[in-house]
Each structure stands twice: as structure tokens, then as C-alpha cells.
Protein chains: 4
Amino acid sequence: MDTILQHYQNTRNYTQTICNPLKIEDYTPQSAAFASPPKWHIAHTTWFFEEMILKSFYPNYIVFDSEYSFLFNSYYNSIGKRIERHNRGLITRPSIDVIFKYRAYVDKHMTQLLETAADPEVVKLTVLGINHEQQHQELLLTDLKYTFSLNPINPKYTDHNLIEATNTESGWLSIQEGVYSIGHNTDSFSFDNELGLHKVYLQPYSISKALVTNKEYIEFIEAKGYQTANYWLDEGWYWINHNAIDKPLYWVKIDATWHHYTLSGLKPVNPDAILTHISYYEAAAFAFWKGMRLPTEFEWEIASENLNWGQRWEWTNSAYLPYPNFEIAKGAVGEYNGKFMINQMVLRGASSATSKNHSRPTYRNFFPPQTKWQFSGIRLAK
Amino acid sequence: MDTILQHYQNTRNYTQTICNPLKIEDYTPQSAAFASPPKWHIAHTTWFFEEMILKSFYPNYIVFDSEYSFLFNSYYNSIGKRIERHNRGLITRPSIDVIFKYRAYVDKHMTQLLETAADPEVVKLTVLGINHEQQHQELLLTDLKYTFSLNPINPKYTDHNLIEATNTESGWLSIQEGVYSIGHNTDSFSFDNELGLHKVYLQPYSISKALVTNKEYIEFIEAKGYQTANYWLDEGWYWINHNAIDKPLYWVKIDATWHHYTLSGLKPVNPDAILTHISYYEAAAFAFWKGMRLPTEFEWEIASENLNWGQRWEWTNSAYLPYPNFEIAKGAVGEYNGKFMINQMVLRGASSATSKNHSRPTYRNFFPPQTKWQFSGIRLAK
Amino acid sequence: MDTILQHYQNTRNYTQTICNPLKIEDYTPQSAAFASPPKWHIAHTTWFFEEMILKSFYPNYIVFDSEYSFLFNSYYNSIGKRIERHNRGLITRPSIDVIFKYRAYVDKHMTQLLETAADPEVVKLTVLGINHEQQHQELLLTDLKYTFSLNPINPKYTDHNLIEATNTESGWLSIQEGVYSIGHNTDSFSFDNELGLHKVYLQPYSISKALVTNKEYIEFIEAKGYQTANYWLDEGWYWINHNAIDKPLYWVKIDATWHHYTLSGLKPVNPDAILTHISYYEAAAFAFWKGMRLPTEFEWEIASENLNWGQRWEWTNSAYLPYPNFEIAKGAVGEYNGKFMINQMVLRGASSATSKNHSRPTYRNFFPPQTKWQFSGIRLAK
Amino acid sequence: MDTILQHYQNTRNYTQTICNPLKIEDYTPQSAAFASPPKWHIAHTTWFFEEMILKSFYPNYIVFDSEYSFLFNSYYNSIGKRIERHNRGLITRPSIDVIFKYRAYVDKHMTQLLETAADPEVVKLTVLGINHEQQHQELLLTDLKYTFSLNPINPKYTDHNLIEATNTESGWLSIQEGVYSIGHNTDSFSFDNELGLHKVYLQPYSISKALVTNKEYIEFIEAKGYQTANYWLDEGWYWINHNAIDKPLYWVKIDATWHHYTLSGLKPVNPDAILTHISYYEAAAFAFWKGMRLPTEFEWEIASENLNWGQRWEWTNSAYLPYPNFEIAKGAVGEYNGKFMINQMVLRGASSATSKNHSRPTYRNFFPPQTKWQFSGIRLAK
């Protein structure tokens, strides 16, 4: 088993690996308010270790640059003013070579601290920082894909486009009614929103062993799914009409054939691959059209040990709300999850862009229902 | 016990009673996209009986005016084109005297039908129409209050301003953990979203017997509640800052004293009265500041038989989502509830503006979290 | 020749005449930020006489209602706070019967004052108030038409729809180059923006004796005028595409025939009638397509004595800017014109909705280039 | 005198000189819809030579990259689809090293063409391309300043910040009334909007020999200029209030002292330097407060030979409209100026950021009245 230091270094190195195919220009732009520039991701994850650990636990630590606390803070209101989120793409200076020096500087000090420190609080916060960086590794990829997709020349990132997975199972899994245990127990790492273990009563249900494929979704499109009001939530119907949405994100029809932008450029849609880049609204409309529904997050969690999952974040029909006895941690770390518990839906599982060792059955991902730029997919229940 | 005809007539008459203090000018304006003009409420509730019942069940029924199907439809996409919601306030013609003729015409035919018909479908739809009209009776009052509040001369509607109720109990009610039954059984009327009866596991909890008062909320204001980020959900913090909100709806400070616009004009705020006209965001922030939380809708329902309620719609910490086995009815009636099940929070109870015989413990009201124009209030749990 | 009192009374009575076909409901709604409710027009014109004359010149004058100064002020920033322009349609109280009492009250006092007063300042301000009311008479009609047009049942105001005029002349009028006198001399009434008389050098030009007809404009539509970028100003091209504009205001095609909403209801477009309800952008694009241009306001003024005009406000290619030596009057009256001298284009002439005795060759009307709800038209020059 | 080839090469080299202090990251971001990234400026100016000259006049010319026609077109609708203006900042690929190869490729071919070609059309279009590039040189600086200003660390571009100029003259210049000649004669280069020479009648006027200084403008601020409605055009008053504007662009008060962001970083405002970065609205309000006015563009042009100018673009009180006999050229080149002739005000002169040999007394610059990011200033007239 890896030491905490090895775990730290592996994670930090993997962020670097993700950046290898990038050109200097690619680090700066921000293509939407919900996305961030690569530079910001790699600086912000570094800032987390400096702000939350080194400043408090490394004796006489000298910050790399006092302005970074402002520049690379994300949403931690308790740590002072931060740059307007939509202006992150204008931070050309500090330039990327300086940011990599910042990473090296923080890594050097973290390494020293982890080699020597036995303070369990340091270990705990380092694990949190590692998980935080892993989340940003996935966002780095999804944000980069979104930015590249808006460039008319369809830039290629790598050969590995993360969307070609197919189902390996089919049919339905049936679960009995009863009182079940939900949530994380505290022995291994989890985010605060997965705590604590509590009981939930479930009615009997069936859940699909396979995720919805591109082919199935094309059938929905061809059945006038986007033109039929009563398949849709009222907000979803408004949303698709107001934004002229009639296909998944990144899809475009060229000469009667569906293509989509992928991280390896523009490609034909593979009918057998698992559908991705759809919103909750689309997932719910598709399920309604099928005469089925999406599972709740509790149904998903209980079924998960007998499911194949990990290729797509799976929309559930559960709103992102606190578990019983949810407690918000004191200080800035407490801003991590709780304050987002409104107007978001829970996604369960993991995707092909999720970093290794980051997923678990109790993990609660969450996004507003119009979100499409994540590698999201649909699993049906009934 | 009332016959269905008496029930129908009482309800229809009560809508007229609400309108008695109005001047002709008051019937037309629409003050916000979420509100509707009085004329629209009284025509739309009439349209419901004509469209859903008379057209199908009254032999050879001749519609009062074929254009009303378009003018006074609300959100039933399956019944053809409808007027843009935000343009309802421009419908000066048909004038209000014609609309009252429309009501009389439909009432005459409904009376004939109810006097003779034994068709249980007619009875069932009539009960639905009555409950629908009762919902609009409450909206008529809340929408009128909102419109009047934007008139700088603070018009008076009646002496009865609906906001002076005080608590009659105090302290906490404790509930044991266990599996409880939630939802409506089908013997009496309910909306589809309350069905069907199902089991829910609840952890042990305590719920306040009293609602939050104006005095308690003023303490929150004076404790810089609106200026302290970490009391707030992130969306709520953005919302109060973006809209410069620092007090409940209708409140204004005059010479260091809080006043509020009421249906009987501008009045000083009574510290002992129960707080009202606050959003979910404010309810959640207040609860956080108190070190407590809002109850879930299930906790509320189980506790309800031992609570005093009915003065305020009480925000719960439950998102408006389908119960297990929720089924959407066929046709236009099926659009009533299910399609709004996203980005809304459940309110339980009833308010001083709710029509008599309309409330019950299983009733699920729902609004987006920024909603304030309803007579909403706060009950704490822990 | 009329006395000032007769002139006053005739004007006030004519406003009443315009209102005769209205129902009480029609007085309240405001259908756009640029339009005002009838109630507001008739109260505001009354307010002008009370605020500008009676308060200063009628001995011991008691205002009808002290709140009206706030409610019915328009854009005179120097006279204190005013109601948000877009909320004018919510002022159901005071009701219209009270407003007519307000008119009667002010009329009584104005009559007394004009019967006795010899103060030339009173006469001067009364003439200004009369002209002000005449402007609002035209706006009353254009705003009412706009509101009615948004009602799907196409209400009818009167049989007289103001748009059937045809050209009585054809051909071109040629004007020699030279130095000409422009502007109003001060013997009769004018607005401050027409002063003072000054010299302008004009190049030789020709100006059409006829205005563009519906038939000619339909040719432009059929020649793909709305689909051809290079006919349009860049802002105009953006505007028509962003707002999906491809025909004049109020036009709709029914079964391959152009119809338009008129004050006497929905009617087929008469090809021979003079085109109206077009924006400056459309006028400029049409002229470009014809290989011609719009006249400047100076060219128009010099040619006007040999032109037939008065059916349409004619867009000119002049921006609304101060004449040399333009002076802004002291006090609130000074806010009448000068502060609007940016981003507006001058229209010259008068329309079929302009009140009698209100037009003159030096009159400078002005609106932003997207304005369509006035009875505007096109005269070409080359 | 320079040959056309020397002129071409000097201009192209100067663009490179402007870019020398930039880091690779600086080339990409776009900080506002009205601004463009440096990469775009240097590619677009190159595209102009390729598209307008090489494609037509260089025998068998092979384009550098066929996608650039789409990527680096600006507003020439006749040359096919173009990238959304607000997405220019997302074009990370092609990277900047490729763009410099593109410049070298086009320069090589242009040099060959200019060394050999005697076609006067080539010379004429090359001169147009040179002037076009000079315009973009100025925009490159103003856009860069705007982007840098939004970075909280106040990046420094060079020591030369372009804003320290002071007046060298004072007092007033008086001009007699009469008929004057305005516009460019065709012997040397001009844009189409300066043509042709025509007569204008001017009333007698006086024009200031000096431009308004920072000190004078601070007096306006301290005299509550931004809080006094009647100094302002109505649109301007709305604009400053809606956008919370109470000082020139880039100004910030630190410890009671005015500072401003400059191209050499954050600096104290020099009271004696000439004011810059103000909108037309602010220029007009300042002039009104002074009891004066802005000159018209004709007054400015006639006075210009006896004025010191060239430090600031000077707002005039003339709208940007066509001169008599203005003709739009055929094809894409014709889109250069004419289609912007609405809702813009003319600025005359030149600024410290204007490229050498680019200014002349007949030059008509133009921007919407809220524009501030240019080096604009105020000259008074009366």
C-alpha cells in the first residue's frame, strides 16, 4: 500500500501527465462560467495545499506569492476576496512557467512535511487535498474538451477520447423492499456529504444492468423526442426550446450521419457506445419516453455492488440535499459541499475521465439539471 | 355533508366574495411573470370546468367563446397554443363584465349537469376543479398583494390583512425513529403528487411547536444575517447580493421602525406575529444561524397531527420529487403536477390565505427557493 | 382666431374624444417600456398644467392630490422621485373615474386663470402645455394600438384606422445647391429644439414627391431584402436577426396574403396605401436596395413647401443633435428635449395620428432607430 | 520618400515591435466583446493581405491554411461565415508560433508581389492594408490595456504608458462664420468615409487650444458631477447609474489619492496630464457643467491647422453619418465603414497610441457614446 507521500506524489504527477499534450496557449482560456482554465486548475489545486496545510503546519512557511491567495481561491468566501469567476480566463500573468515553479515549490515543502510530520491532521488534510486535486483532474479534461469544441478547427488533445466504452451486461437487477444502510462509514476517506451511515426504506425496484447507448438515444431523437412537450419537465421543455437544443452536447449531423467532437477530434458517433454528455432534463425525458424512470441515489447505492459502473456519471432522480445529521465543518473546509445543496441533482458512479482510486459507491456528485459537459449518462429503473 | 353541487356553488361564490372589494381596473394588471391578473384567475378557473367537463359530458354543449380556450389556458401544452404568460396583463378585452357572464354561463351548465349526472367521472373532475379553483383563490390574494405593493400609494384591499396570527404553543415535539407511512390514501380527494401511501424511515428528531416570529427574524437581521456569507447557501448568497435583498418581502424601515405593506395598507411590523413572505434561501440561512435546520416534508407530515399549523406555508428541506410509484395521468390533467418536479422545494401546511377545506397533512405545495410572495414561514427542526 | 382659452379647451376636449371608445380596463395596461397606459397619458398631461402653471400662478392653489406629483411625473428629474417607467401599468388606483375628476379640477382652475390672467408667462406655458398634450394625444393612439395588437382577439378601437392614405403626387423635386435658412423663428410656438434660425449649406439634390407604398415594400421583402446582409447597417442586421424581424410591425401573412393589425382590427394590407410602422433600419435598408438614400432633415425642411406631407413621420438621415446656439431652458421645462440628443434619428413631417394644428415644417420628431410603433414612413432622396 | 514596399515592411515590423514585450499567454484572451486578442489582430491584418490581394493578384497563390479565411475574418459578411466575435479568445490553436509563420509566409509573397507588380490596384489595396494594420496596431494596445487592467496583479507592459502628455498651449481660437470645405481630396490615401470634398456652412465659434486635464476633471467629480442628473444626457445618466460609474475608466482611489492602471502598471494620476479614457456621455456632461459644449467635427476640421492635436481622440458633437455623395465600394472592401453609420459619435484627431503617419485632419474615427477604452479626451468649444 502506498504511503501518503507516494499517494501525494502520484496524484501531483498525474496532473502533469494530463497537461503534457497542451500548448502554452491552451492553459489560459475560460470557455464558460462553469469551466475554468487549465492554469487555474493546476494553480488552485496547489493553492489548496499551501493555504490549508503549509501555512498552518510547515514551520515558518513563506508563501510563494502573496497574491495567489486572491488569484487562485475558488469559492471559499471565508478566505477573503476572490477574482470574479468569469474573469479567470484573463489571467495571462503569472505565466504558466511561473505556475509550474509554484507547483514545484509547494511540492518541495509538502514532501518535506510528509516525510517528517506525524500530525494526523496533516495526513487528513493531505488526503482531502489529493481527492480535491483528483476532482480537478477530471474537470481539467471536461473543461478542456468544452474549450476545444468551440474552436472551429476541432483541435485534437490525444488519441484517447474517453467515450468509446460499451456495455458488457444487459437485463435487469431486482431488489427487495426493506430498510437499507446508506452512506459512508468513516474508516476510509469520504467527503462530508457522504456521512453518516443512516437507514433508508426502499420499495421494491428493478434497475438496468446496462447504460443507455447512442443507438437508443438516436431512436429517441428520431421519435421526435425533442419535439414532444409531454415527455419533458416543464423547465426542461423551456430550456431546450430557449436554447435550440435537439441533440446531445458536441453532436453535429454531417451528411445525414451523426458526428461528435471528441478529445481526439471530430468523429462519427458509434451507435454501440454508451451515450454521454446529456443533461438531467434529457435523461428524464428519455426515461419518460421509455415508460420508465431514473433510479434514486439510494436505489443506485444499494444496487451498485451488483452493477457494472464507472464509465459515466449516472443521473439519479434525487436532489442533492443533506443526509440526516450532516454537519458542516468549521472554517473554509466547511464550504466544500454543504452550501451547494439546492437546485442540483445527484449523479452516482464515476466516468472514464475520473481519476483512478477516486470513485466509490457512496460518492455523491452533483450538478444543476442542465449540465452536459461532464461525461454523464443514463441508467434506467422501474 | 355538502352535496357536490353545494360544494361547487360555495367555491364559486367564494371567488366572487374575494373580488368584491376590487375596482374594475384591478382585474387586469400582471405585476410579475409568476403572478396572474384577477381576471385571468376567474376566467381560467371557469375555463377548467368548461374544457375538462362541459365539453365532454354536457350533451351538445356550446362553448361560450371559442377564443377563450386560447386566452385562458395556463400551462396545458396538450390543449394547443396559449398566450405568452408575461402578456396576460394586456388582455383588456374581453372586459370583466363579459368574464362574469362567462362564469354565469358555465355555472348554469355545471349546475344542470351536477343536478342530473351520476357519472362518477364528472364528480371526480368537478372535485378536481373545485380544488383547482381553491388554489387560485389563494393565488388571487397573493398576486393582488404583490401588484398593490408596487403602487406607491399603498392601496388597501380590506381590513383583514392575513398576517397577524401569533403562536399559541411553544417548545419542541420529539419523534422516535422508525418506519412511517407517508402519503395520501385514496378515499378522499388528493392531488396525484400525494399518492400513494408508502413507507419512509425516519431518524429520531425534534420539531418546534411554534413558527419563527417577526421578532426572532429581526434579531437575525440585526446580527448581520444578510451580510454573513457562511450562513447562506451559495445560490442564496448570490441571490441576495445580486438583488440587494436584506429584509423580507414588503418590509421597509421608516424612521427606524420596520413597516410592511399588507392587504390593509402600510403597517408597522408586529414583533409577536408569525414571520411571513420569506424565501427558502432566507429560511435556510436563518435556521443555520440558529444552529438548527428545516424539517423534511416527511418529518413534517408525521409530526403534523401534534402541531398547530395553517397560518403559514412552511418551507421544508425536501425537494419536490415524485413519490415511489407516482403515475402521471393521461391527457391534459396529467400536466397538473409531475412536470414541475425539478428545482422546487416542498412547503407543507397551509396559510391564512388558503381557502377553507382545502388543506390536509399530506398536501405538497412547491415553489422555487427564491419565492417570497406566498404567505410562507419557518418552522425549525433539530 | 381662437383665444388661448378656447385653444386650451379644444385640446382638452379632444383628449376626451380619443378616449370615448375605451373600456375602463383599457386605461391601465402598459405593453412596453416605450409606451404608457391611457390613464397615465391623461393624468400626466393634466399634471403638467398643475405642476408648471397652477402651482406657480394660481393664487393659493391647492393641489388635487399631493401624491400625483410622484405618480404622474414623466422624466423630469428635477421634480423629485418618479415611479419606475416600466411599472406604470400597475397603477390601478387611483381609478379612472378619479383621474377624470382630477382633469375636471385642473380644467376648472386653468379656465379661471386663463379668463383673468394677463401674465404672458402663463400664456406661454399654457401653449407649451397644449402642445405637450397634443404630443400625448398621438402617443395615446400609438400606445393603444400596440397594446391591442398583443391581444390575440384583435380588439377594434374605431372604424377609422389611420393607415389608408395613398399618394396624390409622383415624381421628383430638384433643389439647387446653396446656403439655406433652417429652423424656427420665434413669432409662433415651437419647441426649443427647433431654435434658432441658422444657415446650412446644401448640395444639389432630388427628393421624391411620393412616399413608399406597401406594394413597393412587399417587392423588397420578396427580393429577399430581410435576408441580404449588405443592404443593412450592421446594427440593423443584428437587430433583425436577433429579433427575428422580416416584415413591418403588425404584419402577418395569412394564407399567402399580407394582413396587418389596425385600429379597426385585422385587415388585408392595401398595396396602394402608404407604408407605415417601419424602423429607421428598415427605411435605410430599403433605400440602399433602391440605390438611393433618405434625405437629411435639412433637405426635407427646405423641400417641404413643395411636398405633400402629413400622413407619415418620415425618417431622415440626420441624427438628433442640437442646432447651433441651442440653449436649454432653466428648470424642469429645460428637460423637455435637450437631454435626448444622442442615439436618436430625426423624423420630419407629421402622421395621420398627429393632432390638428400641431405640425409645422420645422418640427423635429426623434426616436431610436429600431422604433416602429409610430406611424412612420419612407421618402427617398438621391 | 518610402516606396510602397518599404512602407509595407515598416508597418509589418512595427506590429512585431508592439508584440515584443508579450508573453505567449498574452496573445490569446479576449476581455470584452469590443476588444480582440493580440493573436487575432496579428492574424487578421495578415489575412487582409492574403484575402484581398494575394488571392487575386499573386499568380497561382496557395493559401497558407484554408481555415484561416473563417477564423480571422472580422465583419466582412460577404466573405462567408465567421467565428462568433465573443469567442475569439478561445482560439488557442493555431498557436502563436504558427501565426508568426503565417505572417512570414504572407510577407514573403507580398514582398515578391510588390517588388515586381506595377498593377495600381495592388498598390491601392496595399496602402489600404497598411492603414488597416495601423488601425489594428492602436487597437492592439488599447485591447491589451483593457485585458491587463482586469488582472488584479496589474501587469506591466512597458515603461511607456502613453498617457503623460500635457498641454503646450492655452486660450481660445476664434473662427469666423462662412462656407468652408470639408473632407478629403483624393490625391493621398483616405478612407471612403472622408470623401468627398464638400461645403459646409459654419456659424462663428471659439475652440479651446488645450484639452481638458485630469485636474479639471477631478474638479467635476468633486463638484458632484456624477451625482447631478441635469448635467447628463438621459441615456448617459441611466448608463452611469446602471453601471455604477463615477470616474474615468481605470481610475481607482487609494487612500484618498486617485490612481489609474496604465500600461506601465498602477500609477498616481498626474493632475497636469491630459485626461483620457472617458466616454462621450462624460465628455458631454463635463462640457455642460462648464457651460460650454463639444465642437462639431466640421468645426474641429476647420480649426485643426491651428491647433495642437494628436495626444487624444477628441469626442465631437457630430454623429457618424455619410458625407454628401458618400459611396459604398463594391464587394467586401465596401463593408469597411458605411455600415457602421448609426448610433456612433465622431472622434477627431489622433492619440498617443496612434501609429505614426496614420493621422490626418480629415480622419473620422467613430465609437458608440459609452466607449472608454480608447485614449479619448475632451476639447471644449463655445
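Below, chains carry the letters A, B, ... as their sequence lines are ordered, and counting in each starts from 1.
Contact annotation for residues 19-32 of chain B against chain C (heavy-atom separation below 4.5 Å, listed by residue number): B/P21, B/L22, B/K23, B/I24, B/E25, B/D26, B/T28, B/P29, B/Q30, B/S31. For residues 251-267 of chain B, a heavy-atom distance under 4.5 Å to chain C picks out no residue at all.
For B/Y58, the OH atom counts as densely surrounded, since its 6.0 Å shell holds more than 12 non-hydrogen atoms of other residues, nucleotides or ligands. Dense packing is recorded around OH of C/Y105, with more than 12 heavy atoms of other residues, nucleotides or ligands lying under 6.0 Å away.
Taken to the nearest 0.5 Å, the CG atom of B/N151 stands 8.5 Å off from the CD atom of C/E67. To the nearest 0.5 Å, atom CG of residue B/N87 and atom CG of residue C/L150 are 5.5 Å apart.
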Given the rule in the side chain to side chain contact (heavy atoms under 4.5 Å, CB included) test, do C/L71 and B/I153 qualify, once you have shown the distances and angles that lead to the verdict?
-> CA-CA 9 Å; C/L71 283 177; B/I153 68 171; 3.8 Å; yes
